[in-house]
Protein chains: 2
Amino acid sequence: MITQKEPGESLMERMRAQGVRITPQRALIAELLENARDHLDADSVYRLARRTDRGIHRATVYRTLATLKRLRLIDELDLMHVEGERHFYEVRPSTLHIHLVCLSCGSVQEPEGRFWESMKGKVFRETGFKPEIVRLEMGGRCSKCRTGKKKATKVRGN
Amino acid sequence: MITQKEPGESLMERMRAQGVRITPQRALIAELLENARDHLDADSVYRLARRTDRGIHRATVYRTLATLKRLRLIDELDLMHVEGERHFYEVRPSTLHIHLVCLSCGSVQEPEGRFWESMKGKVFRETGFKPEIVRLEMGGRCSKCRTGKKKATKVRGN
DNA sequence: CTAACTGCAAACCTTTTGCATTGAC
DNA sequence: GTCAATGCAAAAGGTTTGCAGTTAG
């Protein structure tokens, strides 16, 4: 769901365009992030990367994620901490979307739309604050968990 | 700024109403959270609490914050991690507001308004997801930092 | 009185850092 | 060839937990 390929360049091409030195490790991490079916946290990236490169080090993963974040090529998410204190990452999407995290089953929905996009302009017009990064996460109950059994599978506080 | 007193009961009264055992430590922590002028993180709560109760323990602070969070009496914020990985807390406000975190100076604005409140209904109507906790944080540049000197005081990635 | 809470200390988990070596451009 | 990135290991930072003693209701 998070992998609607950007029309433009790949993450690696954009890294190169930003003047970042392309190492095999970075290329691998970029590819993993782009092809991920779910949101990955640092440890997931590390374990996936090790399938291809046995020697890759955790520190390299962290450093690469930090670089990508600094270049605004990926966004960092907390997903309401339903899964502990990990941070998750996604390739920065072209249109703003929000994350609906079900506190019962842990599923994450990502509705898109003009409505969310309009928030940035509204904030700027009303406060003079120029938003660059938007993180909108809602915790609650997805329709399945609400209509189905009341007993939640995996209730989390926040 | 975050202390517009709720019309209803105090945080401690609401804890009691929820069946939580009121200890001096919990009463103290609740009072600190309610009277805080800024957003507090766990360590700030701990240090403030120690001014009154020398013997209070960090673990008690963490456990009380977790309890309040579970009861939905306080909300947890990350404030875009401009200050590291700490979590900040605020007494759950009656009206939804958003947090605008300046990546240059670290200031936090909290505009309120119907617009943000309307997001919950919109999400529910369009997706069937019932939002309980909303966390909307934007990172960017506040008007001062944009109009003033271009060199930021304290630039942070995200 | 008793279940729930506290203080304590140790563990835990994720992330960061200094340094010598390796490698991209 | 040179500067930047990697692997390594150690430390940092923030949070959690098991346990024995204490206390609110």
Side-chain angles (χ1 to χ4, degrees), chain A residues 12-13 15-30 32 39-50 52-71 73-74 76-89 156-158, chain B residues 12-13 15-30 32 39-50 52-71 73-74 76-89 156-158:
Chain A
M12 208 185 74
E13 285 166 331
M15 288 173 78
R16 180 177 285 120
Q18 296 266 0
V20 172
R21 194 169 282 190
I22 304 299
T23 65
Q25 294 90 336
R26 284 175 172 175
L28 173 56
I29 292 168
L32 290 172
H39 294 107
L40 303 178
D41 68 338
D43 188 59
S44 303
V45 173
Y46 171 64
R47 281 189 316 237
L48 285 173
R50 267 184 26 115
T52 303
D53 176 353
R54 297 297 307 180
I56 198 169
H57 199 272
R58 275 202 152 79
T60 302
V61 171
Y62 280 107
R63 283 188 279 230
T64 300
L65 291 173
T67 300
L68 290 168
K69 193 169 70 172
R70 182 172 45 77
L71 297 175
L73 296 179
I74 61 175
E76 188 181 54
L77 314 169
D78 296 294
L79 300 182
M80 305 301 295
H81 297 130
V82 262
E83 303 273 0
E85 301 311 314
R86 282 171 272 167
H87 300 158
F88 298 86
Y89 300 90
R156 295 296 306 263
N158 168 346
Chain B
M12 208 186 73
E13 286 166 330
M15 287 173 79
R16 180 177 284 120
Q18 296 265 0
V20 172
R21 193 170 281 192
I22 305 298
T23 66
Q25 294 89 339
R26 283 175 174 175
L28 173 55
I29 292 168
L32 291 171
H39 294 107
L40 303 178
D41 68 339
D43 188 59
S44 304
V45 173
Y46 170 63
R47 282 188 316 234
L48 286 173
R50 265 183 29 114
T52 303
D53 176 353
R54 299 296 308 178
I56 198 169
H57 199 271
R58 275 204 154 79
T60 302
V61 172
Y62 280 107
R63 284 189 279 230
T64 301
L65 290 173
T67 299
L68 290 169
K69 192 169 71 172
R70 181 171 46 76
L71 296 175
L73 296 178
I74 61 174
E76 188 181 55
L77 314 168
D78 295 294
L79 299 183
M80 305 302 294
H81 297 131
V82 263
E83 302 273 359
E85 302 310 314
R86 281 171 272 168
H87 300 158
F88 298 86
Y89 300 90
R156 295 295 306 263
N158 170 345

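Note on naming: letters A, B, ... go to the chains in the order of the sequence lines (proteins, then strands), and numbering restarts at 1 for each one. Below, all heavy atoms of this structure are taken into account, side chains as well, without hydrogens, waters or symmetry copies. Remember, predicted model here, so these are calculated numbers, not experimental data.
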Starting at [atom1] of [X] and ending at [atom2] of [N], how long is that distance when rounded to a whole Å?
X: A:D78; N: C:dT14; atom1: CG; atom2: P; answer: 14 Å
X: A:M12; N: C:dA24; atom1: CE; atom2: C1'; answer: 13 Å
X: A:H81; N: C:dC13; atom1: NE2; atom2: P; answer: 17 Å
X: B:L40; N: D:dG14; atom1: CG; atom2: P; answer: 15 Å
X: B:L28; N: D:dT23; atom1: CG; atom2: P; answer: 16 Å
X: A:R16; N: D:dA4; atom1: CZ; atom2: C1'; answer: 16 Å
X: A:L65; N: C:dT17; atom1: CG; atom2: P; answer: 15 Å
X: B:I56; N: D:dT22; atom1: CD1; atom2: P; answer: 18 Å

- Message: For a quick check under 3.5 Å, do A:Q25 and A:H57 share a side-chain donor-acceptor pair by atom type?
- Response: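 Distance-only check fails for A:Q25 and A:H57.
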- Item | Bend angle of the helix from C:dC1-D:dG25 to C:dC25-D:dG1, end axes from five pairs each (to 10°) |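 Inter-axis angle at the ends, rounded: 50°.
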- Distance, nearest 0.5 Å, that separates OG1 of A:T64 from CG of A:L32: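 Here the rounded value is 11.0 Å.
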- Euclidean distance, A:D41 CG relative to A:D78 CG, rounded to 0.5 Å: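 Between A:D78 CG and A:D41 CG, I get 11.5 Å after rounding to 0.5 Å.
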- Task: By nearest nucleotide on DNA chain D, pick out whichever of B:I22 and A:T60 is the more 5' one.
- Result: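 By nearest-heavy-atom nucleotide position, the 5'-most residue is A:T60.
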- Earlier contact from the 5' end, DNA chain D, for B:D43 and A:A59: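 It is A:A59 whose nearest nucleotide is closer to the 5' end.
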- Message: Base, sugar-phosphate or nothing for A:A42? Non-hydrogen atoms, less than 4.0 Å.
- Response: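 Sugar-phosphate only.
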Do the side chains of [Y] and [X] get nearer than 4.5 Å, heavy atoms only?
X: A:H81; Y: B:H87; value: yes
X: A:V45; Y: A:Y89; value: no
X: B:R26; Y: B:T60; value: no
X: A:H39; Y: A:L77; value: yes
X: A:I29; Y: A:I56; value: yes

On the nucleotide [N], are OP1 or OP2 found under 4.0 Å from the side-chain N or O atoms that [X] carries?
X: A:R86; N: C:dC13; result: no
X: A:R58; N: D:dA9; result: no
X: B:T23; N: D:dA24; result: no
X: B:Y62; N: D:dT15; result: yes
X: B:R21; N: D:dG25; result: no
X: B:Q25; N: D:dT23; result: no

- Message: I want to verify a distance call: between D:dT23, D:dA9, C:dT6, whose nearest atom is closest to the A:H57 side chain?
- Response: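 Out of D:dT23, D:dA9, C:dT6, the nucleotide with an atom closest to A:H57's side chain is D:dA9.
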- From the list C:dT17, C:dT15, D:dA5, which nucleotide is the closest neighbour of the side chain of A:R63?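 Closest nucleotide to the A:R63 side chain: C:dT17.
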